[in-house]
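What follows is a short report on a single structure.
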Amino acid sequence: MQLTTANILIGGEAGQGLATVGHLLTKALVRAGYDVVITQDYQSRIRGGHNTYAVRTAVPGEGPRVAAPSLAVDILVALNQETIDLHAHDVSPNGLVLMGHSMTAQEVKALAVPYKDLIPKPIFENTAALGVLCGLLGVDRAYPEALIAEQFQKKGQEIIDQNLEVLARSIEWVMHQDHGFTPLAPAPARDVHLALTGNEAVALGAMAAGCTFCSYYPMTPATSVPMMLAAHAEAVGMVVEQAEDEIAAVNMVLGASYAGARAMTATSGGGFALMVEGVSLAGITETPLVVFLSQRPGPATGLPTRTEQGDLNLALYAGHGEFPRAIFAPGTIEQCFHLTVRAFNQAEMAQTVVFILSDQFLADSVRNVEPFDLTTLPPQVLPDGSDTQPASYERYAITESGVSPRRLPCMGQSLVVLDSDEHTPDGHITEDLGVRVAMHEKRMRKHQLLREHVLPPDYDGPESPELLLACWGSTLGAVQEAAVQLRQRGTQVGVLHFTQLWPLDSATFLPRLQQAGKVVMVEGNYAGQLANCIRMETGFAVDQRITRYDGLPFSARYILDRL
Amino acid sequence: MQLTTANILIGGEAGQGLATVGHLLTKALVRAGYDVVITQDYQSRIRGGHNTYAVRTAVPGEGPRVAAPSLAVDILVALNQETIDLHAHDVSPNGLVLMGHSMTAQEVKALAVPYKDLIPKPIFENTAALGVLCGLLGVDRAYPEALIAEQFQKKGQEIIDQNLEVLARSIEWVMHQDHGFTPLAPAPARDVHLALTGNEAVALGAMAAGCTFCSYYPMTPATSVPMMLAAHAEAVGMVVEQAEDEIAAVNMVLGASYAGARAMTATSGGGFALMVEGVSLAGITETPLVVFLSQRPGPATGLPTRTEQGDLNLALYAGHGEFPRAIFAPGTIEQCFHLTVRAFNQAEMAQTVVFILSDQFLADSVRNVEPFDLTTLPPQVLPDGSDTQPASYERYAITESGVSPRRLPCMGQSLVVLDSDEHTPDGHITEDLGVRVAMHEKRMRKHQLLREHVLPPDYDGPESPELLLACWGSTLGAVQEAAVQLRQRGTQVGVLHFTQLWPLDSATFLPRLQQAGKVVMVEGNYAGQLANCIRMETGFAVDQRITRYDGLPFSARYILDRL
Amino acid sequence: MLQTEIYGEFETAWCPGCGDHAILKSLKKALATLDIEPHQYVHCSGIGQAAKTPHYLRCNCFNGLHGRSLPPAQAIKLANPNAVVLVSSGDGCSYGEGGNHFLAAIRRNVDITVIVHDNQIYGLTKGQASPTTAEGSKTKSQPWGVTNQPFNPMAVAVAMRANFVARSFSGLMDHLTDMIVQAVRHPGFSLVDVMQPCVSFNKINTFAWYKERCTPIDATHDPSNWEAAMQLASTFGERIPVGVIYKNNRPPLDTMYNTLAAGPLAGRAPNLSAVEKVMHQFR
Amino acid sequence: MLQTEIYGEFETAWCPGCGDHAILKSLKKALATLDIEPHQYVHCSGIGQAAKTPHYLRCNCFNGLHGRSLPPAQAIKLANPNAVVLVSSGDGCSYGEGGNHFLAAIRRNVDITVIVHDNQIYGLTKGQASPTTAEGSKTKSQPWGVTNQPFNPMAVAVAMRANFVARSFSGLMDHLTDMIVQAVRHPGFSLVDVMQPCVSFNKINTFAWYKERCTPIDATHDPSNWEAAMQLASTFGERIPVGVIYKNNRPPLDTMYNTLAAGPLAGRAPNLSAVEKVMHQFR
Ligand SMILES: Cc1ncc(C[n+]2csc(CCOP(=O)(O)OP(=O)(O)O)c2C)c(N)n1
Ligand SMILES: Cc1ncc(C[n+]2csc(CCOP(=O)(O)OP(=O)(O)O)c2C)c(N)n1
Ligand code: SF4
Ligand code: SF4
Ligand SMILES: [Mg+2]
Ligand SMILES: [Mg+2]
């Protein structure tokens with residue numbers, strides 16, 4: 001019987017090229033029609049240390065869509081001995097270690113790749129590893145071949161040919177080994193998918209939403225979003241400006257937004273902490289602001305390259321004083337894209353701050369997705385932008401919805417007056433306390449508006465399950481997989497996944513919680529922050545919290561072990 | 001019948017000296033043995049605008065201790081016509097307007113003070129007003145006389161004599177007017193009280209706690225704390241350093257605290273927003289940090305000189321990642337002093353951040369208090385400070401309580417290693433995820449420790465009241481007064497006042513909430529932030545929220561009107 | 001040349017006698033001279049007395065946070081290169097809380113003009129030392145006397161070769177008007193530091209004190225001569241040179257972003273065909 | 001002179017060939033030369049590759065936040081004037097995120113020594129431009145080439161008349177050791193900017209590039225001559241002068257707080273009689 005799923009873990013030091021091997025293998029699998037989910041675990045250093053790149057793959061349609069890491073390793077690719085020492089015990093009974101000749105695998109079945117024989121120079125090791133892996137997994141060699149041609153296109157035909165030669169030799173070699181490893185079942189035909197990380201999908205979403213301005217200060221694991229925007233800035237027509245610090249970044253975004261650009265910033269917890277005053281400025285000046293906030297474990301510098309969901313409370317309460325906001329939390333690559341598009345529209349609709357709350361796991365996790373259909377995106381919500389009766393234009397006119405018509409400076413005769421102090425409808429500083437009350441209530445009415453547009457959590461399961469697993473953001477995949485396994489054991493399980501964390505509209509989820517036999521909240525933090533919010537809003541207390549705060553993403557097994 | 005209480009409202013432009021008159025009158029009343037509560041309402045400007053200084057006074061023991069503003073004015077001292085136009089309708093039936101000759105008081109009974117005849121130069125107007133007020137209220141002239149002698153001591157005897165002359169003439173003049181105003185009943189004898197604002201009491205508390213380092217960046221309404229510390233820095237032995245910004249301020253405090261100083265910073269919402277990253281640094285490095293956070297209405301610059309209680313959530317969730325903290329919220333001048341002392345001890349006990357959450361009303365509100373007994377202060381909780389076995393010293397040794405022995409750098413042979421990354425027990429950066437979990441759990445255990453030491457809310461009332469008024473911080477006075485009035489009408493009322501807002505220990509208050517017929521939370525914000533916290537922690541939903549967010553403090557009438 | 005009336009007349013919250021009044025007047029004159037109508041420009045500021053300026057004339061206004069006037073100002077220009085962008089803020093706002101943005105803005109060289117009302121004190125918060133307060137001054141925050149060496153904005157700006165560096169005094173209204181006009185006309189980042197008496201809190205650097213010291217720079221000074229400029233910039237004491245100290249001619253950043261050749265960013269439809277191409281790189 | 005062994009040997013997370021290794025060695029030599037034992041000093045840093053330095057030698061360590069190394073360093077000295085305080089951090093940390101503290105620390109002049117590992121790049125975050133990155137460099141964050149004028153820390157420090165301003169190069173270990181020794185010995189704020197190759201992300205300013213350019217300053221240079229120092233400080237290109245550029249002799253702040261004459265703040269009992277007196281002023 002052929003495998004319907006396989007988990008390949010590549011381990012080695014930073015700088016050894018494990019991400020290159022992993023990435024090429026991922027692309028080959030995706031082009032060959034398999035589903036993948038990648039989990040990257042790396043240290044905060046450029047060379048050395050111990051890093052892993054896990055490629056979990058599956059034949060589509062056979063079982064649930066893989067979307068979380070798995071502990072059991074089918075092929076362990078060891079670029080150094082340490083990888084074997086650390087991970088050999090995770091190799092499954094039918095699994096295999098691929099290693100260099102000088103390494104030892106102790107108890108586990110291992111295949112020592114004769115790199116010296118296969119490659120002319122050490123630099124070809126990655127290609128050899130790719131060949132061996134494709135050979136083992138039964139991936140049609142046309143895929144790695146095409147990838148190599150693309151990868152080395154700029155280096156010329158000679159290099160390409162040398163690599164193709166190594167590839168062929170490596171596939172050949174492994175075919176003749178007695179490794180006993182079963183290849184993957186062939187994947188059903190499908191249109192070609194993209195292989196995207198969460199952050200790449202967010203960047204694509206921003207471009208598709210018509211974001212024209214991004215300023216940021218580099219911070220892992222958010223940086224890859226502005227880096228990708230910068231790479232394509234001229235092509236899509238965007239200003240991408242590296243700021244001197246996060247305070248400048250958020251204040252620049254507000255300036256650009258005021259002037260009519262669709263604008264965003266991207267950061268992680270520590271950088272976001274510095275933006276808290278700017279978030280409050282967005283609140284009182286009613287300036288659309290999109291913040292991509294990619295979480296990592298804190299407090300302070302914490303574990304800069306690991307994952308956590310510890311900053312929901314911070315996003316929810318950032319900023320002194322009170323004002324409305326929305327928080328989206330994508331759980332899939334598709335949601336990364338679409339919620340980013342939505343974030344820009346909601347920010348303009350309610351003229352306030354909107355968060356896209358992600359984390360390192362999702363940021364770096366490559367998965368296959370259908371190309372996004374750019375022709376069916378929702379229309380852009382845009383500022384009023386008219387210029388009639390400029391003399392009587394009031395930026396902060398009191399309205400029933402709380403939203404005032406937003407015109408743009410220097411785009412007509414209307415004067416657009418924005419003020420961080422409490423202000424009159426025409427934007428000027430005031431100490432009239434009656435005006436204050438009217439203005440504050442006008443702003444707070446937009447909370448109601450955002451609530452009316454809230455995305456209800458996604459639910460999958462029976463109406464009254466014995467067990468309801470609730471979660472948000474990137475934990476979705478692990479929770480879904482846990483649910484499948486529980487169902488296989490006969491438990492009636494429902495999965496409730498929140499993609500919008502604020503505002504909360506209890507009507508969209510409270511009945512589900514109440515109908516379930518037992519409600520368990522799965523969150524990547526210590527406190528159970530969403531569970532707390534739900535209790536605050538509804539009084540409902542979940543029965544159990546499964547939390548994780550060691551820097552690693554959830555797996556199905558982690559959840560099942562704790563139920 | 002003589003009055004047992006009077007409310008004097010002095011109004012005019014900034015720069016006209018209304019605070020001087022108000023302050024001298026306050027001191028005279030306090031020395032004469034009366035209770036006072038001052039409410040200052042001023043605009044964010046140095047000259048001009050409309051400001052008021054309200055002196056509410058009462059004979060001690062007659063009715064509840066006055067501790068909140070009252071709307072009904074007994075004497076309106078108008079330094080300009082605008083004051084009359086704005087406040088004449090607040091003058092009570094037996095009340096009186098004191099005004100200059102060129103002003104008109106319309107319907108209200110008024111006394112035009114012939115300043116020209118009473119004073120040689122405009123600069124003496126304040127003294128004349130003081131004289132007239134003391135005359136009307138029946139304050140023994142010895143008190144204003146002594147105050148004038150002290151006030152002008154540095155200017156020489158001649159100036160003193162001129163002022164005494166004006167004072168005498170003004171008292172004389174008002175004695176001979178037919179104003180019909182009843183003086184205050186004499187106050188019973190008592191030891192002399194201090195006349196202190198909330199911020200002065202906080203500064204005194206810091207000095208008494210042995211605070212030796214304060215760095216800050218000026219921001220209303222917190223600045224007066226560091227200004228007072230600076231004024232006495234040499235006398236008490238303190239370093240008071242103005243920082244280049246709030247980020248520097250909080251990071252300096254952490255440096256000083258690491259080096260063994262008892263250290264604090266003082267700020268308001270917008271400045272605190274910039275400290276959020278530093279708060280997180282205190283969390284992971286387990287460095288004692290005392291933050292005096294004086295609230296004003298936001299968002300952003302908002303109403304810089306007005307009051308609000310809108311930053312509880314911010315204080316509670318400031319900082320990325322999760323870590324323990326304590327939040328104190330004084331409601332009286334005495335609590336400003338004692339909770340500040342406590343804050344330093346709790347910060348050292350749990351080696352984390354502790355907030356003193358005040359607001360503009362309390363910051364600027366002068367009241368009389370008995371001098372603090374400095375001989376009975378709790379002992380200082382101090383760092384371990386020993387130096388035994390320096391080679392094996394671990395700053396972050398894992399302990400059951402979560403608290404590790406804190407030694408000080410350069411005070412012995414022990415090396416003290418502090419790190420903003422996740423770290424090993426000896427303080428060095430680590431990416432060992434097992435250590436991470438142990439360290440995170442160790443830190444979070446201190447939440448439990450803080451909970452064990454939590455101050456239960458103060459309760460006054462019957463066991464099972466029909467109505468329970470819950471509140472926190474500076475709203476106490478208004479709530480107490482409302483309760484007294486309700487009791488006079490026959491309602492069974494309890495008052496529950498939270499002086500510590502975090503951690504919350506439901507055992508200390510939930511039974512009270514459950515036993516009450518109706519629970520009303522009175523908070524100076526829009527959302528009902530403490531009510532939300534309580535629901536989050538206990539599931540208990542209050543029956544009603546009385547909120548205020550127009551920049552003004554609560555009064556009893558405001559509460560009663562909304563019940 | 002426009003009429004200054006088009007900028008309106010507003011009641012201010014400034015003290016009588018404050019130097020800010022004269023700066024406001026000079027600013028209006030400069031705008032009129034430059035033919036900039038209210039709707040053609042954006043006036044940015046932070047928080048402080050000086051920072052209230054944009055509320056006192058008709059303009060598009062971005063009155064942001066204390067210390068944070070420069071980031072939005074630069075971004076507004078980068079979002080709409082057609083807009084003229086001015087900044088008015090205090091010495092505390094610009095050189096204290098906002099110091100890092102000051103450094104970055106000089107290096108970034110976006111075409112904006114920054115007018116610093118330099119009263120050598122924190123006015124709005126009632127008299128603490130600012131970065132430019134003289135050493136030894138006794139203030140509320142330093143009753144023992146300021147120990148910090150004062151910040152010399154001219155010296156730092158010239159050392160960093162900012163595009164346009166000038167100084168003036170609120171008591172020299174024509175001079176000040178001229179400096180603002182030149183600053184706005186000069187492309188790139190332009191700084192005008194204006195000595196401004198604060199009658200309420202700065203009892204040392206009074207109108208008379210400045211009047212006595214502020215001396216127009218010799219006509220022979222060549223603002224492109226960096227060494228000479230450095231000398232002038234570091235002169236502050238018995239004599240305070242006022243005028244254009246230094247000029248550089250690096251191209252402004254807003255002319256270097258290819259994206260901006262097409263004008264303002266507002267209202268651009270997403271370039272979906274370009275996005276489609278990017279997307280396909282991930283196949 | 002102590003043995004450098006007392007500072008220990010630790011495995012680092014730096015790339016082989018990184019200039020940081022040599023800086024660490026020089027630092028240990030300097031400490032040994034200065035007779036500073038591990039427990040006698042505090043080593044502060046921010047976040048970045050350079051900022052990991054204090055983890056690689058035995059010391060008291062305050063490894064704080066990115067960009068925020070200077071505020072705690074100054075405060076530690078103000079809390080314990082007996083402690084020697086050193087700072088190691090990167091160019092991004094010191095001149096980018098931390099720019100405002102850099103300006104303030106020069107003005108405040110607390111007796112600390114700041115060693116900036118200046119690799120003209122953001123190392124830890126993998127290759128974005130730092131404030132000192134050369135104009136035109138193509139980086140991950142500016143694929144079109146850096147447009148910002150590079151920050152010249154020497155020029156700004158000299159323009160602000162910092163107490164001690166020097167430059168060195170990780171490839172000149174004895175020179176660097178000497179600079180650190182001099183910097184620590186000089187009272188007040190001392191800055192040593194160290195050119196440091198980043199082999200992973202800066203392919204322009206390589207070891208060879210620096211080696212060719214870094215030229216010791218002529219022995220005739222008088223570091224108290226501000227004009228000459230300003231000239232040297234503004235030289236960066238074909239030639240990069242290394243050595244002591246400028247010296248000033250303002251008294252350090254830690255010697256000016258009367259409170260500190262009594263030594264460290266730690267362990268002082270509250271002065272209750274003084275508090276009592278203050279309290280009575282409110283009667
Ligand atoms: C983040 C923050 N910190 C502090 C303040 C308080 N604040 C307002 S204005 C000001 C100083 C103003 O001084 P300056 O910029 O020189 O302006 P001036 O009033 O002298 O014109 C301060 C500290 C604030 N509004 N926001
Ligand atoms: C507030 C904050 N913003 C951003 C980061 C991410 N970050 C860590 S190190 C670094 C730059 C490091 O550059 P540099 O200071 O030059 O040090 P190097 O690594 O080159 O030695 C950045 C941006 C952070 N840790 N904290
Ligand atoms: S306080 Fe000073 S700066 Fe502010 S308005 Fe008055 S005089 Fe001007
Ligand atoms: S990335 Fe650069 S700075 Fe960082 S350790 Fe490697 S060589 Fe050194
Ligand atoms: Mg000022
Ligand atoms: Mg660097």
Side-chain angles (χ1 to χ4, degrees), chain A residues 31 192-196 200 204 207-210 212-213 215 232-239 241 243-245 247-249 251-256 258-261 263 277-278 281 371-372 374-375 380 382-383 385 390 408-421 427-429, chain C residues 10 13 37-42 44 47 52 54-55 58-68 70-80 82-84 100-101 103-105 107-108 253 257-260 262 264-280 282-283:
Chain A
R31 289 193 186 175
V192 67
H193 275 196
L194 311 176
L196 278 182
E200 286 161 351
L204 276 176
M207 294 177 199
T212 47
F213 189 97
S215 75
H232 304 290
E234 294 202 4
V236 300
M238 197 182 294
V239 168
E241 184 64 19
E244 56 272 28
D245 55 31
I247 303 173
N251 281 283
M252 289 185 99
V253 167
L254 291 174
Y258 161 78
E277 195 192 12
L281 181 61
F372 305 116
L374 302 181
T375 62
Q380 284 190 312
L382 291 173
L408 304 176
C410 301
M411 301 291 279
Q413 296 282 330
S414 306
L415 296 181
V416 187
V417 180
L418 170 156
D419 186 12
S420 73
D421 300 271
H428 286 294
I429 183 172
Chain C
F10 298 80
E37 293 185 49
H39 68 280
Q40 294 174 316
Y41 92 106
V42 180
C44 299
I47 293 295
K52 292 177 183 164
H55 289 289
R58 295 184 63 243
C59 62
N60 291 293
C61 157
F62 191 110
N63 180 186
L65 299 169
H66 180 59
R68 315 302 168 190
L70 296 179
Q74 295 167 87
I76 289 165
K77 185 73 186 178
L78 291 177
N80 185 351
N82 300 338
V84 174
N100 204 29
H101 312 307
L103 298 180
R107 297 180 44 234
R108 198 177 273 122
L253 180 61
Y257 263 111
N258 290 338
T259 298
L260 293 178
L265 299 176
R268 294 193 187 181
N271 185 343
L272 293 181
S273 66
V275 181
E276 191 79 45
K277 268 194 204 135
V278 175
M279 196 162 68
H280 284 166
F282 290 90
R283 288 204 298 193

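For the numbers below, each heavy atom of this structure counts, side chains included, while hydrogens, waters and symmetry mates do not. All chains are named by letter (A, B, ...) in the order of the sequence lines, taking the proteins before the strands, and each is independently numbered beginning at 1.
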Top contributor to chain C interface from A/His232, A/His193, A/Met207 [non-hydrogen pairs under 4.5 Å] = A/His232
Region of A/Glu200 in contact with chain C, defined by heavy-atom distances below 4.5 Å = side chain
Taking the side chain as every heavy atom from C-beta outward, state whether C/Asn82 and A/Cys410 have any atom pair closer than 4.5 Å.
-> no
Can you say whether the rings of A/His428 and C/Phe10 are parallel (under 30°), tilted (30 to 60°) or perpendicular (over 60°)?
-> tilted
Looking at A/Ala261, A/Ala259, A/Ala248, A/Ser215, which one has more heavy-atom pairs under 4.5 Å with chain C than the rest?
-> A/Ala248
Proximal component of C/Leu70, with respect to chain A [non-hydrogen, under 4.5 Å] = neither
Take C/Asn80 and A/Met411 through the test side chain to side chain contact (heavy atoms under 4.5 Å, CB included) and record every step on the way to the result.
-> CA-CA 9 Å; C/Asn80 185 351; A/Met411 301 291 279; 3.7 Å; yes
Using a cut-off of under 4.5 Å for heavy-atom pairs, which of C/Cys44, C/Pro72, C/Ala13 has the most such pairs with chain A?
-> C/Pro72
For A/Asn251 and C/Pro71, the nearest pair of non-hydrogen atoms, with its separation, is CB-CB, 3.8 Å
So, for C/Asn60 and A/Leu415, which heavy atoms are closest and what is the spacing to 0.1 Å?
-> OD1-CA, 3.4 Å
Might you point out which heavy atoms bring C/Pro270 and A/Ala209 nearest each other, and give the distance in Å?
-> CG-C, 4.2 Å
Do you know the tightest heavy-atom contact between C/Leu265 and A/Thr212?
-> CD1-O, 3.5 Å
Ring pair (Phe, Tyr, Trp, His ring centres under 6.0 Å) partners for C/His66, two or more places apart = B/Tyr217
Tell me, side chain or backbone of A/Glu234 under 4.5 Å from chain C's heavy atoms, or both, or neither?
-> both
Would you mind telling me which of C/Leu65, C/Leu253, C/Val278, C/Leu260 has the largest number of heavy-atom pairs within less than 4.5 Å of chain A?
-> C/Leu65
Should A/Asp245 and C/His101 be marked as a side chain to side chain contact (heavy atoms under 4.5 Å, CB included) after you check the CA-CA gap, both sets of side-chain angles, and the distance that decides it?
-> CA-CA 9 Å; A/Asp245 55 31; C/His101 312 307; 3.5 Å; yes
Are the side chains of A/Glu241 and C/Arg108 in touch, meaning some heavy atoms are under 4.5 Å apart?
-> yes
Point-to-point distance, once rounded to the nearest 0.5 Å, from CZ of A/Phe372 to CZ of C/Phe282 = 10.5 Å
Verify side chain to side chain contact (heavy atoms under 4.5 Å, CB included) between C/Val42 and A/Tyr258, making sure each step is shown before the conclusion.
-> CA-CA 11 Å; C/Val42 180; A/Tyr258 161 78; 3.8 Å; yes
Checked C/Ala274, C/Gly67, C/Gly64, C/Cys61 vs chain A; the most non-hydrogen pairs under 4.5 Å come from C/Cys61
Which answer fits C/Pro38, side chain, backbone, both or neither, if we ask what part of it has an atom under 4.5 Å from a heavy atom of chain A?
-> both
Contact origin within A/Ala263 toward chain C - heavy atom pairs under 4.5 Å | neither
Honestly, the part of C/Glu276 sitting under 4.5 Å from a heavy atom of chain A is both
Checking C/Leu103 against chain A: side chain, backbone, both or neither under 4.5 Å from a heavy atom?
-> neither
Gap between atom CD1 of C/Ile76 and atom CE of A/Met252 - 0.5 Å precision | 10.5 Å
Determine yes or no for a side-chain-to-main-chain donor-acceptor pair under 3.5 angstrom, with C/Asn63 supplying the side chain and A/Ser420 the backbone.
-> no
Does any donor atom in the side chain of C/Asn100 or A/Glu244 lie under 3.5 Å from an acceptor atom in the other side chain?
-> no
Minimum-distance pair of heavy atoms, taken over all atoms of C/Arg268 and A/Gln380 | O-OE1, 4.1 Å
Taking the side chain as C-beta and beyond, is there a heavy-atom pair between A/Pro390 and C/His39 under 4.5 Å?
-> no
Side chain / backbone / both / neither for C/Phe62 at chain A, heavy atoms under 4.5 Å | both
If you look at every heavy atom in A/Arg31 and C/Arg283, which pair is closest and at what distance?
-> NH2-O, 2.8 Å
What residues, two or more places apart in sequence or in another chain, satisfy side-chain contact (heavy atoms from CB on, under 4.5 Å) together with A/Pro383?
-> A/Glu348, A/Arg406, A/Leu408
A/Thr375, part contacting chain C, at a heavy-atom distance under 4.5 Å = neither
Distance, nearest 0.5 Å, that separates CD1 of A/Ile247 from CZ of C/Arg68 = 4.0 Å
Working for side chain to side chain contact (heavy atoms under 4.5 Å, CB included), residues C/His55 and A/Asp419 | CA-CA 9 Å; C/His55 289 289; A/Asp419 186 12; 3.4 Å; yes
Counting only heavy atoms closer than 4.5 Å, note whether A/Ala233 contacts chain C via side chain, backbone, both or neither.
-> backbone
